[in-house]
Every structure is written in structure tokens, then in C-alpha cells.
Amino acid sequence: AAFVSCRPANVHLTGNLVLGGRTDAEVEAFTACMRRQGYELAAPSRAGDEYTFDLRGTGFDTDSDAFHRAVFVGCHPAT
């Protein structure tokens, strides 16, 4: 068996996490999933079809494998 890494290379989240082209229900599901993973996100701001989560001051280690797994694999909205 081969080891597969699901972490995107050279991705550093240091300010905002933006979800675009998603429904309110998808963003709510994402937020609830992140909460279950231990990441309590504040409500996002919305501009058009973009939802912006401010990650500054959260104390999250946004470079950790666990955070990347939560955002990009476990809680990623279906496309």
C-alpha cells in the first residue's frame, strides 16, 4: 500500500478563508463540520456569493495537518 497525502502543497492560511459559489446550507454544513473537528469558526461575512471567515486571532494552527484535513478533506463542501 502506498501512502497518499491529501494536503495541498504550499497552502498557508493566514488571514481569511473564502468559500465562493456555495449555498447558505453548504456554508452552514461546513461551519458545523469544522466545529465538530474542534475549530469554532465565527460567522462568515458575505459579499455576493463569497463567504469569508476571518481566521486572524483564532489561535488555530492553520499550517497543521489536522486543520488542512478538516478544511480540504473532511469538511470540504461537495462540488
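All values derive from a computational prediction rather than experimental measurement. We count residues from 1, following the sequence as given.
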Rounded distance (nearest 0.5 Å) linking atom CG of Leu41 with atom OG1 of Thr58 = 8.0 Å
key: For the student: nearest non-hydrogen atoms of Gly21 and Glu26, plus distance   = O-OE1, 4.4 Å
request  = Measure the CZ-SG distance between Arg36 and Cys75 for me, rounded to the nearest 0.5 Å.
outcome  = 6.5 Å
query = Cys33 and Gly74: which non-hydrogen atoms are nearest, and at how many Å?
reply = SG-O, 3.6 Å
Minimum side-chain heavy-atom gap Leu17-Phe30 below 4.5 Å = yes
key: Phe72 ring center near His68 ring center (under 6.0 Å)   = yes
message = Are Leu19 and Glu50 packed together at the side-chain level, in the sense that at least one heavy-atom pair is separated by less than 4.5 angstrom?
response = no
ask   = Would you say the ring centroid of Phe53 lies under 6.0 angstrom from that of Phe60?
value = no
ask   = Is the Tyr39 ring parallel, tilted or perpendicular to the Phe67 ring (thresholds 30°, 60°)?
value = perpendicular
key: Donor-acceptor under 3.5 Å (Arg46 side chain, Gly48 main chain)   = yes
Interatomic spacing from CE in Met34 to NE2 in His76 - rounded to 0.5 Å = 11.5 Å
ask   = With Thr52, which residues qualify under side chain to side chain contact (heavy atoms under 4.5 Å, CB included), at least two apart?
value = Asn16, Val18, Ser45
